[in-house]
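The next block holds one structure in the form of structure tokens; read it before the comments.
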Amino acid sequence: MPSASILMVPPTFFSVDYAINPWMNPNTAVDTALALTQWQGLKQTLSTQCHASVLEVPAVEGLPDMVFVANAAIIMPLLASGQKRVLLARFFNEERQGEEGYFQQWFEKQGYLVEKSPAHLPFEGAGEALAWNGFWFASYGQRAVREAHSWLAYYSGQPVISLELVDPKFYHLDVAFCPTDLGYVLYYPAAFSSDSLALLEVIIPPEKRLIVPQAEALQFACNAVSVGNHIVLPCDAPILSQQLEATGHTVHSVDYSEFIKAGGATKCSTLRLTL
Ligand code: ARG
């Protein structure tokens with residue numbers, strides 16, 4: 001029995017054509033064949049090692065960042081009727097706004113009710129909202145505005161803790177913060193304002209927090225995919241891996257260099273559909 005269902009978009013049209021974060025440089029060549037091999041490696045690790053079932057949304061030409069499907073939407077709790085729901089992303093950059101309609105169509109076709117917040121309040125899906133212990137932790141300050149968080153609270157009916165991101169290199173929550181299925185949270189403290197860091201460290205007890213050192217955070221170590229006791233990292237991160245193993249996680253490291261050129265990594269390339 002698969003333990004989790006995960007959505008991915010193949011990197012068919014992946015490239016770095018524009019720069020909307022500090023990692024991107026349109027003059028950097030992407031090795032398309034290598035990108036496909038790395039993406040397939042992640043998919044394979046998730047299905048074979050982590051026992052997840054992977055679903056795919058077709059890629060669309062002209063939308064090179066669509067591979068980062070974490071930004072598509074936030075999966076909402078089921079309605080009492082059993083109806084599946086998502087809260088659709090509202091992209092900050094024009095370059096990615098074209099993705100919204102394709103993701104909306106895909107979710108509707110799969111029987112989801114698609115909820116929408118106002119288009120002028122950017123908030124980039126599950127890249128900026130992650131659940132831990134009954135709370136949503138949601139980011140603002142780089143790609144999202146804080147006002148958008150109220151819409152997440154309204155549609156989910158769950159409390160939202162707003163965290164301010166202050167370093168442009170850590171522009172989405174999922175590059176600096178990752179709750180694991182075993183109840184731990186790995187995070188890079190310097191990505192957050194001091195007030196937000198204080199809040200995070202009050203809510204999450206010290207024995208559940210794994211601090212990621214800067215050198216590993218800069219290799220996207222926080223952008224991990226957690227599935228049961230398995231966790232997939234886009235780099236070798238010895239200090240974090242040691243902490244993860246010591247808390248009962250089985251670590252898998254994959255090579256994901258081509259996608260890091262676009263400022264994204266493993267977790268950005270997945271959207272968890274189920275618990
Ligand atoms: N190039 C993409 C962007 O800037 C990368 C997205 C990474 N996604 C994520 N969930 N962190 O939008």
Side-chain angles (χ1 to χ4, degrees), residues 6-30 32 35 38-39 42 57 59-60 62-75 86-100 102-103 122-131 136-145 148 152 163 165-179 186-188 191-192 212 217-226 232-235 256-273:
I6 291 176
L7 195 60
M8 293 181 75
V9 177
T12 322
F13 304 106
F14 172 64
S15 60
V16 180
D17 293 348
Y18 47 77
I20 56 170
N21 68 55
W23 303 88
M24 298 175 92
N25 176 354
N27 301 319
T28 305
V30 169
T32 316
Q38 291 176 344
W39 182 87
L42 173 62
V57 178
V60 176
L63 296 172
D65 275 332
M66 210 173 157
V67 66
F68 300 114
V69 66
N71 296 123
I74 307 172
I75 308 301
V86 293
L87 176 58
L88 195 70
R90 293 304 201 174
F91 283 94
F92 179 82
N93 299 97
E94 214 183 338
E95 287 87 343
R96 295 199 65 184
Q97 285 165 359
E99 297 176 32
E100 291 172 20
Y102 290 100
F103 285 125
F123 190 35
E124 300 194 343
E128 306 222 73
L130 296 164
W136 286 104
F137 287 83
S139 52
Y140 70 96
Q142 301 290 325
R143 292 288 187 85
V145 295
L152 172 60
L163 300 176
L165 294 172
V166 294
D167 181 338
K169 282 203 156 173
F170 297 89
Y171 58 93
H172 280 144
L173 184 65
D174 68 359
V175 295
F177 180 99
C178 174
L186 45 116
Y187 69 113
Y188 173 56
F192 300 94
V212 181
L218 285 169
Q219 292 182 73
F220 284 79
C222 298
N223 201 239
V225 189
S226 168
V232 185
L233 306 183
C235 56
Y256 222 60
S257 59
E258 293 315 291
F259 298 96
I260 288 175
K261 294 174 180 172
T266 39
K267 158 64 174 62
C268 309
S269 305
T270 64
L271 179 63
R272 177 85 165 253
L273 297 176

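Source: prediction; values computed, not measured. Atoms within each ligand, like the ligands themselves, are counted from 1 in listed order.
Residue contacts with ligand 1 for Lys267 are absent, since no atom lies close enough (heavy atoms, distance under 4.0 Å).
Atoms of ligand 1 found under 4.0 Å from any heavy atom of Asp65 (numbered from 1 in listed order, with element): 1 (N), 2 (C), 3 (C). Taking every non-hydrogen atom of Ile20 and a distance limit under 4.0 Å, the qualifying atoms of ligand 1 come out as 3 (C), 4 (O), 12 (O). Atoms of ligand 1 found under 4.0 Å from any heavy atom of Gly127, numbered from 1 in the order shown, are 10 (N). With ligand atoms numbered from 1 in the order given, ligand 1 contributes 1 (N), 2 (C), 5 (C) to contacts under 4.0 Å with heavy atoms of Ala262. Within the listing of ligand 1, atoms 1 (N), 3 (C), 4 (O) sit less than 4.0 angstrom from a heavy atom of Asn21. Applying the 4.0 Å criterion to heavy atoms of Met24 picks out, from ligand 1, the atoms 1 (N). Of all the atoms in ligand 1, the ones that sit under 4.0 Å from a non-hydrogen atom of Arg143 are 3 (C), 4 (O), 12 (O).
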TODO: Applying salt bridge (Lys or Arg N to Asp or Glu O under 4.0 Å), run through Glu128 and Arg143 and close with a yes or a no.
DONE: CA-CA 9 Å; Glu128 306 222 73; Arg143 292 288 187 85; over 6 Å; no
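Within the 3.5 Å criterion, the main-chain N or O of Pro168 finds no donor-acceptor partner in the side chain of Asn21. Side-chain atoms of Gln38 come within 3.5 Å of backbone atoms of Glu258 as a donor-acceptor pair (strictly under, hydrogens ignored). With hydrogens and angles ignored, the 3.5 Å screen pairs no side-chain donor or acceptor of Lys267 with any backbone N or O of Ala70. Side-chain atoms of Asp167 never come within 3.5 Å of backbone atoms of Phe192 as a donor-acceptor pair (strictly under, hydrogens ignored).
Put simply, the side chain of Phe13 does not reach to within 4.5 Å of the side chain of Leu63, judged on heavy atoms. The closest side-chain heavy-atom distance from Phe103 to Val57 is below 4.5 Å.
Closest protein heavy atom to atom 9 (C) of ligand 1: Cys268 SG, 2.8 Å. Atom 10 (N) of ligand 1 has as its closest protein heavy atom Asp174 OD2, 2.8 Å. Of the protein's non-hydrogen atoms, the one nearest atom 8 (N) of ligand 1 is Asn71 OD1, 2.9 Å. Nearest non-hydrogen protein atom to atom 12 (O) of ligand 1 is Arg96 NH1, 2.8 Å.
For the pair Lys169 and Trp23, the distance from NZ or CZ to the six-membered ring centre is under 6.0 Å and the angle to the ring normal is within 45 degrees.
The shortest separation from a heavy atom of Tyr171 to ligand 1 is under 4.0 Å, placing the residue in contact.
Ligand 1 has no nitrogen or oxygen under 3.5 angstrom from a nitrogen or oxygen of Asn223.
The salt bridge (Lys or Arg N to Asp or Glu O under 4.0 Å) contacts involving residues 63-73 comprise nothing, where partners must be two or more places apart or lie in separate chains.
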